[in-house]
Number of protein chains: 2
Amino acid sequence: MLALKALANPVRLQILNWLREPRRYFSDQQVGDLDVDGVCVSVIQRRADLSQSTVSQYLTDLQRAGLVQSKRVGQWTYYRRDEEGIRRFLEELERAVGPGESDSS
Amino acid sequence: MLALKALANPVRLQILNWLREPRRYFSDQQVGDLDVDGVCVSVIQRRADLSQSTVSQYLTDLQRAGLVQSKRVGQWTYYRRDEEGIRRFLEELERAVGPGESDSS
DNA sequence: TGCCTAAATCGATCATTCTCGATATATTGA
DNA sequence: TCAATATATCGAGAATGATCGATTTAGGCA
């Protein structure tokens, strides 16, 4: 389960968390619309305080896990949450580990 | 988040899954009550087809993550799901990555 | 075309995880 | 107490993950 592996890393988990409120955590972004387009790599990198390559890789991981979407606009790549994919992941996890046959009769 | 790391391993995830229906997956257990006591290590090991030490370690990992409980009865250690802990984990995850400020107004 | 910036990929290193067999500990029963 | 069985822990090797700097790819603009 790619998403579980992706979220097992605290930084990746936090990035996904930050992306819930782009205006709050990435207000320094000059370009694009935070809500519509998403947040570009360099802005996330600044916040995460890791190298550019690491953050780029993390975002690719999150995308392959179906948790974020990317959109290339000019020279920037904007990332934003894939709410649909996140919902699917949570549902799948619920099915996998959530309560089984409870006899709440 | 210990639980996320624990579940990032497919075998550990599957063990937790199996434990939802002990009667179904561990019907070969001779000792104890599957539902009341849980499933002992050697029975899980047989099903997982990994070494005894690995399975024992996995179960310890799941326990430290708050996903299973153990009960020592004689020479056996029975493991069963910690439904309360699992619920807490799922809720925490929901808070951490679930939908943020949706303006469903 | 040529430079500048953004992002992605590559290659390497160090840390962590996976997994095993061997050993240690604990419990039961003769 | 001794032997047998169940489980836990230890130590090690291989595989994977984390993370970096360097390089490559790509777009924008003079």
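Per chain, numbering begins at 1; letters A, B, ... match sequence-line order. No experiment lies behind these values; they were computed from the predicted model shown.
Minimum atom distance to the side chain of B:L50 is reached by C:dC20, of the listed C:dC20, D:dG27, C:dT17. For B:T77, the listed nucleotide lying nearest its side chain is D:dA8; candidates were D:dA8, C:dA8, D:dC20. Residue B:T54 has its side chain nearest to C:dC20 when only C:dC20, C:dA26, D:dG27 are considered. Among the nucleotides D:dT7, C:dT28, C:dG21, the one closest to any side-chain atom of B:Q75 is C:dT28.
Note on A:R12: a side-chain N or O is less than 4.0 Å away from OP1 or OP2 of D:dA18. B:S42 has a side-chain polar atom (N or O) that falls below the 4.0 Å cut-off from OP1 or OP2 of D:dT7. Side-chain N/O atoms of B:S51 include one lying less than 4.0 angstrom from OP1 or OP2 on C:dC20. Under 4.0 angstrom from either OP1 or OP2 of D:dG17 there lies no side-chain N or O belonging to A:N9. The shortest distance between the side-chain N/O atoms of B:Y58 and the OP1/OP2 oxygens of D:dA8 is not below 4.0 Å.
Salt-bridge annotation for A:E91 and A:R88: absent, with no side-chain N of the basic residue lying under 4.0 Å from a carboxylate O of the acidic one.
A residue-by-residue look at A:V55 and B:S56 shows that B:S56 has its nearest nucleotide of DNA chain D further toward the 5' end.
Within 4.0 Å of A:L59, counting heavy atoms only, lies no atom of the nucleic acid at all. B:Y79 comes within 4.0 angstrom of sugar-phosphate atoms only, judged by non-hydrogen atoms across all strands, and of no base.
At distances below 3.5 Å, not a single donor-acceptor pair connects side-chain atoms of A:R95 with backbone N or O atoms of A:V97.
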